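Accompanying notes for the structure given below.
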Amino acid sequence: MKYDFASIEPKWQARWEQAKVYAAQNGSDRPKFYGLVEFPYPSGQGLHVGHPRPYTAMDIVTRKKRMDGYNVLFPIGFDAFGLPTENYAIQNHVHPAQVTRDNIRNFTRQLKMLGFGFDWDRVVDTTDPKYYKWTQWIFLQLYKHGLAYKATMPVNWCTSCKCVLANEEVVEGVCERCGSPVIRKEKSQWMLKITQYAQRLLDDLEELDFIERVKVQQRNWIGRSTGAEVTFRATTGEDIVVFTTRPDTLFGATYMVLSPEHALVRRWLEGGLIANAGAVEDYQRQAAAKSDLERTELSKEKTGVRLEGVGGINPVNGKEIPIFLSDYVLATYGTGAIMAVPAHDERDWEFAKKFGCEIVEVVSGGEDVQKAAFTAKDETGVLVNSGFLNGLNVRQAIPAVTAWLEEQGLGKAKVNYKLRDWVFSRQRYWGEPIPMVHCQQCGWQPLGEEQLPLLLPDVESYEPTDDGESPLSKMTDWVNTTCPCCGGAARRETDTMPQWAGSSWYFLRYMDPHNDQALASREALEYWSPVDWYNGGMEHTTLHLLYSRFWHKFLYDIGVAPTKEPYQKRTSHGMILGEGGEKMSKSRGNVVNPNDIVARYGADTLRLYIMFIGDFEQAAVWSDNAVKGCKRFLDKVWNLAEACSDSLEQMQANAAALHRCIKKVADDIEAMKFNTAIAAMMSLVGELQKNGCSKGDLKALLVLLSPFAPHIAEELWEALGFHAQLGFACQQGWPEYDERKTAASEITLAVQVGGKLRGSVSVAADADNETIVAAALADEKVRRFTDGMELVKSIVVPGRLVNLIVKPR
RNA sequence: GCCGGUGUGUUGAAAUUGGUAGACGAGGUGGAUUCAAAAUCCAUUGCCAGCGAUGGCGUGCGGGUUCGAGUCCCGCCACCGGCACCA
């Protein structure tokens, strides 16, 4: 019989599904293992070959865990709210809900076709009102705990999506989704106070088993820096608070800079205190018109304008210094104002050179500060021209001056973060409605929890509007409501939640997906939390991964989630690139469709190839040819089964190779080195072909192979009569690894002379060093290099080699 | 600029963490089978010299440590990714 994957695979998929072999058990007393992959966005294009890489990897890991006796939760769902669906709906005049249903159906079919061991009874769909009821519920809790607030501020606005974006969604000044330019727009938005969790998001990273690059990227994004706030006095009487990481350089502050949006500037302009008001207002306008992109591109050349008529007083020496306005100072970081120390900060130095400000050295130890700023922040710098700080090094001076500022009531130690609050409103239709109502009398009021879910109404047009209003705002019947507080007329919030809302807690819902009393039961949460192993894309590191850690910490604080952190372990896969090494895209025409590969070679071959393609963490280039190699391997396994002897005993000749392979595959799965695990199985099959193969040998091989290629393993397992029931998952344990079986009686050692390979010798495995050296010296090839020489030293590396050091006699 | 990663045959990549570089796969070449092709099987395949046994060279570049370096140390180069006027 030929290996007929086309009939084998659907057969087993149907049987597995019917018998629910991959269902996780709630209320079990077995140890649990929760393996998670990022749920897909069900796009219209269907699955592409990028999806199966992380899915197959976790499928292998969880199948192995099942064999090790764990009660495994390996769920899947759909992150289905979002712009592409909405845009497709607009173009084709179909309801987004209909588009979503169709796409989910297609995705489900494709995922099942690949034989993943998902628990299909636990599928979640973020657009299902039974699900987003709880997304809205979490929002209400955030609001009640003061972590959701509405604020008017300059926000990122995507000119093409016609929608605001979170900081995390702006990449190099353009929209991460569509690549259109992002401009600043003043808008009233719902915000989530993720900044309140900045320190904990940073600290708790320490104890997590996340790959290092994820930790580093999150740390950078949170961007903690320590320093001090210092209060300067304006000549007009107001306090100007600045943030600095170098309070030690306070004596060198020769001017100040405010961001163009700073509130004091507006006040001074209104009070007519600025002599050059026209020039200042011009500058403010110019700065506001710049997009993020321009602002960073123009970073080479500093711009600014001096405020004439107003100055600042340096509190440490009472000197009056000029104040400038410049957009190199950001309104959204620190206090939006800085003290400028051109001698010891490159940006200040550059600005000072252009605007002719004084440069005063206060830290010695560098080159001439008139030529370049000296920025070392360690003991190499010693304070000068700094009154009571003179003679201290920088490390000593920072606490000294901070203490002095605190004594004088002029400042205090301060920590700042780059992380900003999360802009949470979107002016689009296909998202969760925000359950808030605005009343003229009572202000913003939360909807009662009993009124959830607040359903997304049907609208005639989903088109986004140029005025920045959500399509929902046109639905007057829906918008007009009554105030939950006073009962008077009120209006609903018409913006919706961002794409990231539903995915911020979905892993909790999987634990108890049909619960209508709570987002999940306490028992389920306690049993399954935390996620033991979460694999996902690096592109989510400062988006979904950070947001969901934040939500989870909040849920922990209010007693819903039982653990501080949602995920114990995080790994990440590399991208699959098209042939030619470029990113797969429709326009390049290099997209590989998993459907085609399954049709031609079968799901098992696709799974195997995608794991064999290279290092799991590294990007890999697709090769149609190399897929064949994996198909050939499965053909060989199939033929082995037809040719194997009836003995259930494992053959002596294969014992060592087999047991080495058992260990190698188990270790490699744990380390995500799937490529070398497969290589080891390929080598083993070569051995079995050469030495002959018994049923016992094949039985062990099939167990090792089953997480990778479950269909063929199951088929052969049954064909050989190893069990009547189905499902490796349920009953088959991982084979015992017996180290003694890998030991050979005779071993071959490499022989080096002076570090160069010259030959090899076979000796008994337990031979002592003298015997080994004697055998090596007796070898004919070796003697050519040692005859007439004196043996100075010999090094024996057990089981590997012997190195003979010789010199002329 | 800062942070992280990578650099090995024709090619995707391995290398027990300092111990025989190139496992395993693809591709190539030669052969078997076939009317022929596909599929399959066998042999061979880092580079240079040699008919050959064999010898020399070889992990981005230059140094170093070591009996021994792809692996460790110092100094560079190239490419990829993230952050970026964050005071």
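These numbers come from a predicted model, not from an experiment. Here is how names work: the chains are called A, B, and so on, in the same order as the sequence lines, proteins then strands, and each is numbered from 1.
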Sequence neighbours excluded, every pair satisfying salt bridge (Lys or Arg N to Asp or Glu O under 4.0 Å) that has a member inside residues 328-337 of chain A: none
Nucleotide opposite [N] in a Watson-Crick or G-U pair, distances under 3.5 Å:
{"N": "B:A21", "value": "none"}
{"N": "B:A78", "value": "B:U6"}
{"N": "B:A43", "value": "B:U29"}

Examine [N]: is either OP1 or OP2 under 4.0 Å from a nitrogen or oxygen in the side chain of [X]? Give yes or no.
{"X": "A:Lys673", "N": "B:A15", "result": "yes"}
{"X": "A:Arg758", "N": "B:U54", "result": "no"}
{"X": "A:Arg632", "N": "B:U40", "result": "yes"}
{"X": "A:Tyr333", "N": "B:A87", "result": "yes"}

Test log, rule side-chain contact (heavy atoms from CB on, under 4.5 Å), inputs A:Ile211 and A:Ser572: CA-CA 8 Å; A:Ile211 50 171; A:Ser572 203; 3.7 Å; yes
Contacts of type side chain to side chain contact (heavy atoms under 4.5 Å, CB included), residue [X], not counting sequence neighbours:
{"X": "A:Asn654", "answer": "A:Met651, A:Leu688, A:Asn691, A:Asp697"}
{"X": "A:Arg420", "answer": "A:Asn167, A:Thr332, A:Tyr333"}
{"X": "A:Arg570", "answer": "A:Glu38, A:Phe210, A:Val214, A:Tyr534, A:His540, A:Leu545"}
{"X": "A:Ala599", "answer": "none"}

is_close_aromatic(A:Tyr255, A:Phe351), centroid dist under 6.0 Å: yes
A:Tyr609 ring center near A:Trp622 ring center (under 6.0 Å): yes
For B:G9, glycosidic torsion class - syn if within 90° of 0, otherwise anti: syn
B:U17, syn or anti by chi within 90 degrees of zero: syn
[atom1] atoms of [N] and [M], separation to the nearest Å:
{"N": "B:A38", "M": "B:A32", "atom1": "P", "result": "15 Å"}
{"N": "B:A39", "M": "B:G28", "atom1": "P", "result": "10 Å"}
{"N": "B:G50", "M": "B:U40", "atom1": "C1'", "result": "37 Å"}
{"N": "B:C24", "M": "B:C35", "atom1": "P", "result": "34 Å"}
{"N": "B:G56", "M": "B:U6", "atom1": "P", "result": "33 Å"}
{"N": "B:A13", "M": "B:G62", "atom1": "C1'", "result": "28 Å"}
{"N": "B:A43", "M": "B:A37", "atom1": "P", "result": "22 Å"}
{"N": "B:A53", "M": "B:G46", "atom1": "P", "result": "14 Å"}

A:Arg800 (side chain) and B:U16 (base): donor-acceptor pair under 3.5 Å: yes
Side-chain-base donor-acceptor pair under 3.5 Å for A:Lys302 and B:C85: yes
Salt bridge (Lys or Arg N to Asp or Glu O under 4.0 Å) against [X], all qualifying residues, sequence neighbours excluded:
{"X": "A:Glu367", "result": "none"}
{"X": "A:Glu169", "result": "A:Arg426"}
{"X": "A:Arg395", "result": "A:Glu379"}

Test: A:Lys690 and A:Glu687 ion pair at under 4.0 Å: yes
Check ion pair A:Lys215-A:Glu206 (N to O, under 4.0 angstrom): no
Short heteroatom pairs, N/O only, protein and nucleotides 65-68 of chain B, under 3.5 Å:
| unit_1 | atom_1 | unit_2 | atom_2 | d |
| --- | --- | --- | --- | --- |
| B:C67 | O2 | A:Asn803 | ND2 | 2.5 |

Identify each atom pair where a protein N or O and an N or O of nucleotides 47-49 of chain B are less than 3.5 Å apart, giving names and distance.
none

Those residues of residues 675-683 of chain A lying under 4.0 Å from RNA chain B by at least one heavy atom: A:Asn675, A:Thr676, A:Ala679, A:Met682, A:Ser683
Selection: residues 621-631 of chain A, any non-hydrogen atom under 4.0 Å of RNA chain B: A:Asn625, A:Ala626, A:Gly629
Whole angstrom value for the distance that separates C1' of B:A23 from CZ of A:Phe674: 19 Å
From CA spacing to verdict: side-chain contact (heavy atoms from CB on, under 4.5 Å), A:Thr254, A:Ile359: CA-CA 7 Å; A:Thr254 52; A:Ile359 301 174; over 6 Å; no
Ring-face cation of A:Lys663 near A:Tyr737 (centre distance under 6.0 Å, axis angle within 45°): yes
5' precedence on RNA chain B between A:Gln618 and A:Phe785 (nearest-nucleotide basis): A:Gln618
